[in-house]
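Naming: A, B, ... by sequence-line order, numbering from 1 per chain.
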Amino acid sequence: ILNVEQSPQSLHVQEGDSTNFTCSFPSSNFYALHWYRWETAKSPEALFVMTLNGDEKKKGRISATLNTKEGYSYLYIKGSQPEDSATYLCAFIDTGNQFYFGTGTSLTVIP
Amino acid sequence: DSGVTQTPKHLITATGQRVTLRCSPRSGDLSVYWYQQSLDQGLQFLIQYYNGEERAKGNILERFSAQQFPDLHSELNLSSLELGDSALYFCASSVEMRAGPVSGELFFGEGSRLTVL
């Protein structure tokens with residue numbers, strides 16, 4: 001069993017605050033790293049697909065970085081809004097095509 | 001709407017029974033994945049099919065089986081159900097343009113919630 005760890009487990013921030021989460025994964029057999037956003041009572045939706053060491057992706061106020069050599073990815077949200085409240089999942093995909101999801105970081109943005 | 005359809009949305013059954021969950025992937029997607037989310041657990045990868053063939057297997061119990069049909073829809077069969085099988089079962093699909101590991105994003109269905117009493 002391979003461990004993909006996300007921290008923190010949960011986070012409460014004030015509207016307008018910037019925040020970031022971490023996804024840690026094995027540095028060997030890396031193929032890709034995905035970030036998903038999962039709102040309550042909905043299904044996960046992809047935010048980013050990252051494959052190269054040093055990748056930086058951005059979508060609006062949300063961005064992500066990837067370090068495959070040390071086995072971590074950061075997700076940043078700038079100026080959090082209440083609609084950003086969700087669980088953010090990362091998934092490590094190894095060279096054998098196995099997907100391993102972390103347990104997620106639950107973000108609550110307080111208006 | 002992700003374009004992935006799962007049925008049924010909710011299912012209540014008794015221990016020892018057998019159920020079938022159905023998934024229709026997005027149009028054009030060849031890969032289908034099944035995930036289980038139990039209470040307070042993350043998404044556990046069960047199995048993946050690509051164009052009708054099993055591609056990868058995760059933590060899938062022997063009591064569970066799946067298949068992908070020529071029209072690319074997939075079914076997950078759960079038998080000899082136990083209380084611990086109660087969970088939300090997600091199907092996801094993705095595009096694979098070539099053989100090999102997947103890097104494309106997954107599109108998830110809304111899930112089938114199974115309750116075993």
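Chain A forms the most heavy-atom pairs under 4.5 Å with one residue out of B:L88, B:V4, B:L43, and that residue is B:L43.
Using a 4.5 Å cut-off between heavy atoms, B:Q37 touches chain A through its side chain atoms alone. Of the atoms belonging to A:Y36, it is side-chain heavy atoms, and not backbone ones, that fall under 4.5 Å from chain B. For A:L89, the part sitting under 4.5 Å from any heavy atom of chain B is the side chain, from C-beta outward, and nothing else. Only the side chain of B:Y35 comes within less than 4.5 Å of a heavy atom in chain A; its backbone stays farther off.
No donor-acceptor contact under 3.5 angstrom links the side chains of A:W38 and A:S43, judged on distance only. A:N20 and A:Y74 share no donor-acceptor pair across their side chains, judged by distance under 3.5 Å alone.
Comment: A:K58 does not engage A:E56 in a salt bridge, judged by the lack of any side-chain N to carboxylate O separation of less than 4.0 angstrom. Under 4.0 Å is where a charged nitrogen must lie from a carboxylate oxygen, and between B:E110 and A:K42 no such pair does.
A centroid separation of less than 6.0 Å is found between the aromatic rings of A:F99 and B:Y33.
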